[in-house]
Amino acid sequence: MPENTTPVAGQDWLGAKFPSLVGGRRGGLRHCLFAALLTVLALLVRLGWAPASAELQHLTFFPAVVVAAAVGGYRAGLLATGLGALAATYFFTPPYFAITADNLRLSFWANSVFAFDGIVVSLAIEAMHRYRDRYRGELVQSEAALAALNESQGRFRSLFEQMPDPAWLIRDEHFVEANAAALRALGLSSKPELLHLHPVDISPEFQPDGEASALKAAKQFEIVRRSGIHRFNWTHLRADGTLLPVEVTLTQIQWDGRPAMYSVWRDMGDSQRAAENLRRAKQLMESVIQNIPAVVFLKRADDLRFELFNRAGEELLGYRADQVLGKTDADLFPPQQAELFADSDRQALAAAETLDIPESLVATAQGELRCLYVRKTALRDAAGNATHLLGIAIDITERKQAEEEMRIAAVTFETEAAIMISDPGGNILRVNNAFQKITGYSAEEVAGKNPSILSSGRHDNVFYSEMWSRLLETGTWAGEIWDRRKSGQIYPKWLTITAVKNPVGATTGYVAIFTDITERKRAEAEIRNLAFYDPLTKLPNRRLLLDRFNLALANSARSGQYGAVLFLDMDKFKVLNDTLGHDYGDLMLIEVAKRIGFVVRGSDVVARLGGDEFVVLIEELGEDPLQASNKLIAVAEKIRAALAVAYHIENHVYHSSPSIGVSLFCGDGLSTGDILKRADIAMYQAKNSGRNTVRFYDPEMQQALETRAALEADLRQALAAGQLHLYYQIQIDSNGKPLGAEALIRWLHPQRGMVSPAQFIPVAEESSLILEIGAWVLDTACRQLAAWQQQEATRGLLLAINVSAHQFRQPDFVDAVSTAISAHNINVDRLKLELTESVIVDDVGEVVAKMHRLKALGVRLSLDDFGTGYSSLSYLKQMPLDQLKIDQSFVRDVVSDPNDAVLVKTIIDMANNFRFNVIAEGVETAAQHAFLKDNRCAAFQGYLFGKPLPIAEFKILLDSLPA
């Protein structure tokens, strides 16, 4: 109960007289007003008693303090104390009726004592208030708990008394409580007759099991003390002397704070009577079972041994019951038949419902086969576990014989071919089993329906119109047709429709007979595969290759585009066959076919001619022979590299490589045989040249191939040999001051001399060497930037490097740039990456995301060769670029060609609108420079300002320019 709302000591009497004053929270406004009123009343009394005397003035106000604290709490008491001290000083301390320093000094000690006493008394009374509040709250809670306990005990006692089962409580092995049901069961009229007795006192001397009641009771009590609960059988002695068999459940509990045992028991006499009734019912059931005109048997669920076999079974099967009981089907019937019976028994025991077996053949003791309709069901206990199998069988042998005779009569209808009979309107009247099996529709589902429900949708109305026209004209139609099964599967069938006519020639119906020809069509496809495809590799064979080749020659002559044939032969294949066997050779040929198919385009034809010889037919290589040969070189090299990788065949690793001969064609009148012969000759040239190589039949093309191969071989060594160098071409602003430089790669070959980037960069990109070279350029450029940062004159220079599309597409490209920046500790704002428009060909979203990651590092981005590639404004606005670089092909004729002039102006205006910086490359004349400068081009690069130079010469050039 809240402390500020309970009336307590000092408030009871006043609360009864003045409830509006005492009620509410102690220390509230009313109590403070009451304290002030008491103080004024005490003052009036004091003034009336001795107005001019200064004696006992504090004693006058002390009763008001006590009463105020008792009624309103310590706040009211403290208020009365303060008011009393103030009144005593003002009225009774000279000079009277004033508050001055003198009367405050004179009354200081008296007021201090009075205030101390008032505070102590107010707090003491408040403590008494709170103590009484807490005491009263605890008293209320105790009374509520006692009431709840009494109510719970009352409910328990009521439940205990009204229980239908006899129950009592035992403490110290004597009865201390019992319900009415227990007294009635024992024939007692009142509880005193039972209470304080020992259970042995109402039991016979011995229990039915021969054990003395006292000893048995002691054992049961001990079990309950250990386990807490125990159930056992017992016999009680009624008041009339009769015995009462019971089942007792004894549970240990706490009663009135002490251990006791709670006993509930039920009369077992009802169970015994029920057992007797069950026995009689069982006898009656056995009599019924023995006389029922159907075979009835009962088997144990665990071992399927017979426990019951009636007289109908004896008469039908010729076995006596004593020959069957205790045995299994395996002891009576042939093994195969016995296993079938056992399988169905297990199914019935596992099933939740009855198992019906419409036809079950059983051999009698005389060897005669009988057909039975059998129904089996599992008998289960209360827990749901199968205990027995009950079976009932009816002899249907005669009925099955009659059905067989009918089946033989209708055998002509039930053929392997589907038969459908319809009325004159085409509505289905009857179908056979083959129809149902092929279509998936039952006879009931199609009865009365139109055959159009089988339509596949592959044939148009014209097809069906012609069918019916022929059928009406001749009375028959036959042909291949595609229909749909009930499952939705479309299948081919051979259909014959015949009109049925009456003697006067009128059509009375139609008979349609059809067969599923899916397997025949599949066989035809297999024959086609055998005719046109290699059975080992599943590639086209020579026959199909020549067919495709003739078509390719015709297309080439019509379009003017080059095509080519690559003739491949695996080196040292015979060694593999001779050492490991032809099985390993076949596995290798399968792998070769897979590798070639993985490298070439889907439109290219890959064929196997036989043995280890393969042919690749490639079309549409372009109209320019040099361009076609370059494409072909790249494809041939990819095939060669793919086939030169080691082969893991079973547990063996085998190394082989191809020799590849190539022959170009372009509708030049040569036959397929001539072109293949040229490719074959080129292939043998490849073998004679040391294998694992590619040779062209055309000597010029062969020379181009050899030159390119030699260039690639040298390029692979160039980086390690230190033959690659970075040259630097100056970039200046509109005032002629240096902005920075573009780093350009140069190859100084010891024999070839200076190799043009136009020669070796395409080779590097095709062979993936561009990734290694690009990484070297990035590292070298960052190292140069770090060196420039150490000098005041070069600290502000930008350095631009070119990034190939292959390099940019690498997943770790941004990480590689970040690593190079960190490794050389450069000012990242000085590094500029020049990207070509080809980087955005594939996935614009991924490219833009990667650009943003580079911008997050602080790197500058420039779009090189702008206007020559694939850029569009929609792409341009998405890319976080810093600069556009006008290609030198536009700058070259900007003064002489109005179109180039307009184009350059447009690029500059567009870049300025996008807030991109613009730089023009290839500026070689003052006129070009003036035009670009007049049109607000911000930066320039070209021979007019300086050629690409080694770093030492570049420094000299820098020194010559204005700072």
Shortest non-hydrogen separation from Ser656 to Met570 and the atoms involved = OG-CE, 3.6 Å
request  = Decide yes or no for Leu553 and Phe665: does some side-chain heavy atom of the first lie under 4.5 Å from some side-chain heavy atom of the second?
outcome  = yes
task = Output yes when Asp612 and Lys572 qualify as a salt bridge under the 4.0 Å nitrogen-oxygen rule, no when they do not.
result = no
ask   = Under 3.5 Å, side chain of Ser452 to main-chain N/O of Ser455, donor-acceptor pair present?
value = no
query = So, Asp815 and Arg853, do they make that salt bridge, N to O below 4.0 Å?
reply = yes
request  = Take the angle between the ring planes of His459 and Phe463 and call it parallel below 30°, perpendicular above 60°, tilted in between.
outcome  = parallel
request  = State the CD-CG distance between Gln685 and Asp680, to the nearest 0.5 angstrom.
outcome  = 10.5 Å
query = Going through the checks in order, is the ring pair (Phe, Tyr, Trp, His ring centres under 6.0 Å) test met by Tyr584 and His652?
reply = CA-CA 9 Å; Tyr584 284 85; His652 297 271; 5.3 Å; yes
Note: Arg601-Asp604 ion pair, threshold 4.0 Å (strictly below) = yes
key: Flag, side chain of Ser629 to backbone of Leu626, donor-acceptor distance under 3.5 Å   = yes
request  = Please say whether more than 12 non-hydrogen atoms of neighbouring residues, nucleotides or ligands are located less than 6.0 Å from CD in Glu846.
outcome  = no
inquiry  = Does Arg542 have more than 12 heavy atoms from other residues, nucleotides or ligands lying within 6.0 Å of its CZ?
reply    = no
inquiry  = Would you say that more than 12 heavy atoms from the other residues, nucleotides or ligands in this model lie under 6.0 Å from the CD of Glu765, or not?
reply    = yes
key: Approximate separation, where rounding is to 0.5 Å, of Asp547 CG and Thr672 OG1   = 10.5 Å
key: Closest non-hydrogen atom pair between Ala686 and Ser659, with its separation   = CB-CB, 4.0 Å
message = Determine whether a donor-acceptor pair (N or O, by modelled atom type, separation under 3.5 Å) exists between the side chain of Tyr647 and the backbone of Leu643.
response = yes
ask   = Do the side chains of Ile660 and Phe614 get nearer than 4.5 Å, heavy atoms only?
value = no
task = Count the heavy atoms belonging to other residues, nucleotides or ligands that lie under 6.0 Å from NZ of Lys638, then report whether that count exceeds 12.
result = no
message = Working note: Asn802 + Glu742, criterion side chain to side chain donor-acceptor pair (under 3.5 Å); need CA distance, chi angles, decisive distance, verdict.
response = CA-CA 8 Å; Asn802 292 284; Glu742 179 182 5; 2.8 Å; yes
Ring-face cation contact, Phe808 with Lys850, 6.0 Å cut, 45° max = yes
ask   = Taking Ser556 for the side chain and Ala552 for the main chain, is one N or O donor matched with an acceptor at less than 3.5 Å?
value = no
query = Are the side chain of Asp779 and the backbone of Ala820 linked by a donor-acceptor contact shorter than 3.5 Å?
reply = no
query = How about Arg485: does its CZ atom have over 12 heavy atoms from other parts shown lying under 6.0 Å from it?
reply = yes
query = Is the backbone of Ile633 close enough, under 3.5 Å, to the side chain of Asn630 for a donor and an acceptor to pair up by distance?
reply = no
query = Hey, are the side chains of Pro948 and Arg746 touching, using non-hydrogen atoms and a 4.5 Å cut-off?
reply = yes
Heavy-atom closest contact (Ile649 atom, Tyr654 atom, distance) = CD1-CB, 4.5 Å
inquiry  = Quick one, Lys885 and Leu863 - any side-chain contact, counting heavy atoms below 4.5 Å?
reply    = no
request  = Please answer whether the main-chain N or O of Val645 pairs with a side-chain N or O of Arg595 as donor and acceptor at a distance below 3.5 Å.
outcome  = yes
query = Is there a donor-acceptor contact under 3.5 Å from the side chain of Thr780 to the main chain of Val777?
reply = no
message = Could you go through Thr693 and Arg695, starting from their C-alpha distance and side-chain angles, then the distance that decides it, and tell me whether this counts as side chain to side chain donor-acceptor pair (under 3.5 Å)?
response = CA-CA 7 Å; Thr693 187; Arg695 286 290 183 271; 3.2 Å; yes
query = Short question: side chain of Gln723, backbone of Leu719 - any donor-acceptor pair under 3.5 Å?
reply = no
Validation row: Leu771, Phe813 side chains within 4.5 angstrom (heavy atoms) = no
task = Sort out for me which residue in Arg860, Lys832, Glu834 forms a side-chain hydrogen bond (donor to acceptor under 3.5 Å, both in side chains) with Gln883.
result = Lys832
Nearest-0.5 Å distance, NZ of residue Lys437 to CG of residue Asp516 = 10.0 Å
note = Closest heavy-atom pair, Arg608 versus Leu539, reported as atoms and distance to 0.1 Å, is N-CB, 4.2 Å
query = Within 45° of the ring axis of Phe514 and under 6.0 Å from its six-membered ring centre, is that where the NZ or CZ of Lys493 lies?
reply = yes
message = Nearest 0.5 angstrom please: Leu676 CG to Phe549 CZ, how far?
response = 5.0 Å
request  = For Leu568 and Met683, run side chain to side chain contact (heavy atoms under 4.5 Å, CB included): C-alpha distance rounded to whole Å, both residues' side-chain angles, the deciding distance at 0.1 Å, then the answer.
outcome  = CA-CA 7 Å; Leu568 292 80; Met683 183 270 293; over 6 Å; no
key: Nearest-0.5 Å distance that lies between atom OG in Ser804 and atom CG in Leu835   = 10.0 Å
ask   = Is the CD atom of Glu620 crowded by more than 12 outside heavy atoms at less than 6.0 Å?
value = no
ask   = Is there a side chain to side chain donor-acceptor pair (under 3.5 Å) between Thr836 and Asp864 once you walk through the steps?
value = CA-CA 5 Å; Thr836 61; Asp864 195 8; over 6 Å; no
task = Using a cut-off of 6.0 Å, state whether more than 12 heavy atoms not belonging to Asn461 lie near its atom CG.
result = no
inquiry  = Quick one, Tyr697 with Val662, criterion side chain to side chain contact (heavy atoms under 4.5 Å, CB included). Give me CA distance, side-chain angles, the key distance, then yes/no.
reply    = CA-CA 6 Å; Tyr697 176 77; Val662 181; over 6 Å; no
ask   = Can you find a heavy atom in the side chain of Thr439 that is under 4.5 Å from one in the side chain of Lys486?
value = no
ask   = Is there side-chain contact between Val763 and Leu769, with heavy atoms separated by less than 4.5 Å?
value = no
query = Closest heavy-atom contact between Phe696 and Ala682?
reply = C-CB, 4.0 Å
ask   = How close do Leu566 and Leu632 get, heavy atom to heavy atom, and via which atoms?
value = CD1-CD1, 3.6 Å
inquiry  = For Lys855, is the NZ atom crowded, meaning more than 12 foreign heavy atoms sit under 6.0 Å from it?
reply    = yes
request  = To the nearest 0.5 angstrom, please state how far the CG atom of Leu778 sits from the CD1 atom of Ile801.
outcome  = 4.5 Å
query = Can you check whether Leu546's main-chain N or O pairs, donor with acceptor, with Asn550's side chain at less than 3.5 Å?
reply = yes
key: Steps toward side chain to side chain contact (heavy atoms under 4.5 Å, CB included) verdict (Asp583, Leu587)   = CA-CA 6 Å; Asp583 291 342; Leu587 292 176; 5.8 Å; no
query = Is the shortest heavy-atom distance from the side chain of His582 to the side chain of Asn577 under 4.5 Å?
reply = yes
key: Parallel, tilted or perpendicular: ring planes of Trp747 versus Phe760, cut at 30 and 60 degrees   = perpendicular
query = Does Trp482 have Arg458 sitting over its ring (NZ/CZ under 6.0 Å from centre, angle to axis within 45°)?
reply = yes
message = Salt bridge check, Arg716 against Glu712: does any charged N sit closer than 4.0 Å to a carboxylate O?
response = yes
